[in-house]
S.K.: 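Below you'll find the structure I mean.
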Amino acid sequence: MASLSPIATSTTNTTTAISATPNNPLFSKASQLSAYKTKPRHVPLKISCNAAKKDDQQNPNEQHVLDRRNMLLGLGGLYGAAATFGVAPASLAKPTAPAITQCSPDSEELPANVKVNCCPPMSNNILDFKPSNSSRITRIRPAAHLVDTKYLEKYHKAISLMKALPDSDPRSFTQQANVHCAYCNGAYHQVGFPKIDLQVHGSWLFFPFHRAYLYFYEKILGSLINDPTFAIPYWNWDHPDGMTLPAIFADPKSTLYDPVRDSVHTPMVALDLSYDGTDHDVPKDQQIKTNLTVMYRQMVSNAKNSGLFMGQPYRAGDTGSKPGSLETMPHGPVHIWVGKKTPNREDMGNFYSAARDPIFYAHHGNVDRMWSVWRTLGPKNKNFKDSDFLDSSFVFYDENAKAVRIRVRDVLDTKKLGYEYQPVDLPWLKSRPTPRRAKVKAVFNKVKDAVAAEPSTMDVPTVAFPKPLDKVIRTHLMRPQKSRTKRAKDDEEEVLVIEVESKAHEFSKFDVYVNDEDEYLTKENRVRTEYAGSFVNVPHKHKTGGKEHKMNTTLRFGLTDLIEDLGADDDEGIDVILVPRVGTESVVIKSVKIELD
Ligand code: C2O
């Protein structure tokens with residue numbers, strides 16, 4: 001334990017205290033100072049987080065650049081000089097940070113009159129997290145279905161003590177749950193951008209934010225039971241043995257229980273990693289098989305580089321959702337599967353309430369573990385090196401109830417944070433999906449003149465977008481390049497890019513298939529290569545100024561493996577089929593295209 005950083009001892013010289021009074025801005029770095037207070041804005045910003053709709057004629061990008069310049073000029077010093085010498089503001093650092101001192105409780109009302117205030121208690125002092133130099137592991141996070149009674153006793157005790165803390169204590173269960181709400185329901189704006197929410201979902205912030213969050217949560221639990229080796233469990237949903245609700249969370253008498261769940265989903269029911277809100281009578285072993293191919297797809301074929309797996313860049317001033325493969329699925333469907341359908345899919349199925357369920361932290365334990373696993377799967381599976389990523393920061397309360405600012409660069413290595421995951425098999429690594437027509441095709445290849453029986457894609461028209469997704473959309477897309485060499489494929493991933501407009505507060509999901517026929521666009525067919533992946537929105541809220549909130553999402557699906565497996569390498573184009581599943585009444589497909597990434 002001695003190897004861990006003394007983050008909470010503000011009296012030692014290893015931590016830096018930063019005053020956070022309104023006149024003395026929160027962050028010490030010039031690039032994160034918020035200067036909008038001293039420099040009046042001439043053009044009011046009217047963009048809220050993820051907002052697709054522009055309320056005025058102004059080009060939002062241009063506006064951000066202007067704001068940025070105002071800000072930077074106001075700062076003088078290095079940044080002022082850079083601006084004076086004509087360095088484009090866009091080339092300056094733009095890491096994101098929450099405006100902690102301006103947390104806004106006036107979150108818009110949810111359906112069924114649910115009102116939320118998720119602002120934490122105020123703190124005058126923010127410490128900088130001090131990373132450890134050592135990689136000594138003191139905490140091993142166990143799989144939730146493999147824990148013994150001794151562990152369970154500790155876990156129960158820790159959670160009970162956390163729940164017993166008064167709500168005003170930032171370490172309390174209520175406040176810990178509110179952390180999640182604050183970072184995804186529009187309580188904080190971005191430092192320097194008072195009209196733009198900080199959103200930790202839908203970008204490269206997704207993995208690091210949740211890792212840091214769990215780190216502090218786990219340390220608090222450990223300190224409450226005086227056991228610095230205590231580690232939270234993970235829900236091993238990528239393994240057949242973990243593909244149900246873990247039993248430890250299902251006992252109504254347990255402190256790990258949450259009554260606000262879908263009661264149909266007991267430890268007896270197979271979890272559906274691609275769940276779309278309705279339960280089908282799928283035999284358990286078939287569900288497991290589908291789940292394993294979902295895992296392979298999201299961890300391997302759809303995860304060939306950092307942007308595809310972790311999500312796309314999110315810099316100060318950015319809006320819009322650009323999630324990575326694992327965040328979309330299974331992360332999203334697992335949230336929805338646990339939550340109660342009415343009124344707003346609470347707790348797990350709506351981000352404002354998700355962390356009120358103790359299972360949330362086990363779910364995210366596995367999400368976090370998947371990040372670690374992905375890093376080991378291939379030479380291109382690297383974390384971003386971009387300083388806007390590394391310097392983005394969050395503020396949490398630690399086990400001594402002190403506020404701590406932690407940067408993304410501090411959480412990239414779990415060993416430096418002192419923990420690892422109990423190792424288990426990864427059966428999905430051998431679950432590459434196979435095409436529906438694979439067998440048939442093999443037979444046809446032997447009989448040459450039977451080739452004509454292969455379905456033709458030539459007659460599928462190319463659809464004009466934007467187009468509402470009120471029914472199945474089928475469109476033909478030309479590929480940037482066909483018959484690519486192995487080397488070209490290794491260098492650049494062929495990616496299907498779909499831009500979507502949807503409502504942030506609604507659960508919506510649609511599936512994406514390639515080169516398939518209508519009768520095969522079923523749930524059962526998700527085990528096949530033709531299924532490229534899904535769009536999934538877990539409901540959440542933003543400050544919307546009273547306007548109905550629309551969000552823009554850019555989805556990216558890796559096509560290289562898929563096209564290879566379909567035997568379509570030499571085809572000029574592919575058919576893309578978008579199949580609405582749930583909540584797509586207000587979904588608009590803005591564009592569909594293929595890019596080389
Ligand atoms: Cu912050 Cu699983 O969501």
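Positions are given from 1, in the same order as the sequence printed here. One-based numbering, in listed order, for ligands and for the atoms of each.
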S.K.: Could you check, using the six-membered ring where one of them is a Trp, whether H210 and H363 have ring centers closer than 6.0 angstrom?
M.R.: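 They do not qualify: ring centres at least 6.0 Å apart.
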S.K.: Could you pull out all residues at least two apart from P539 that satisfy side chain to side chain contact (heavy atoms under 4.5 Å, CB included)?
M.R.: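 Partners of P539 under the side chain to side chain contact (heavy atoms under 4.5 Å, CB included) test: I336, N350, F507.
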S.K.: To 10 degrees, how wide is the angle NE2 (H331) to atom 2 (Cu) of ligand 1 to NE2 (H335)?
M.R.: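 Between NE2 of H331 and NE2 of H335, the angle at atom 2 (Cu) of ligand 1 is about 90°.
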S.K.: Should Y151 and F230 be marked as a ring-ring contact (aromatic ring centres under 6.0 Å, His included) after you check the CA-CA gap, both sets of side-chain angles, and the distance that decides it?
M.R.: CA-CA 9 Å; Y151 172 85; F230 176 77; 5.7 Å; yes
S.K.: Is the closest basic N to carboxylate O distance between K94 and D318 below 4.0 Å?
M.R.: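 Salt bridge flag = no for D318 with K94.
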S.K.: Have a look at atom 1 (Cu) of ligand 1 and estimate, to 10 degrees, the angle subtended by NE2 (H210) and NE2 (H180).
M.R.: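 If I round to 10°, I get 120°.
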S.K.: May I ask you to check if any N/O/S atom from H201 comes under 2.8 Å of atom 2 (Cu) of ligand 1?
M.R.: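 No N, O or S atom of H201 is closer than 2.8 Å to atom 2 (Cu) of ligand 1, so no.
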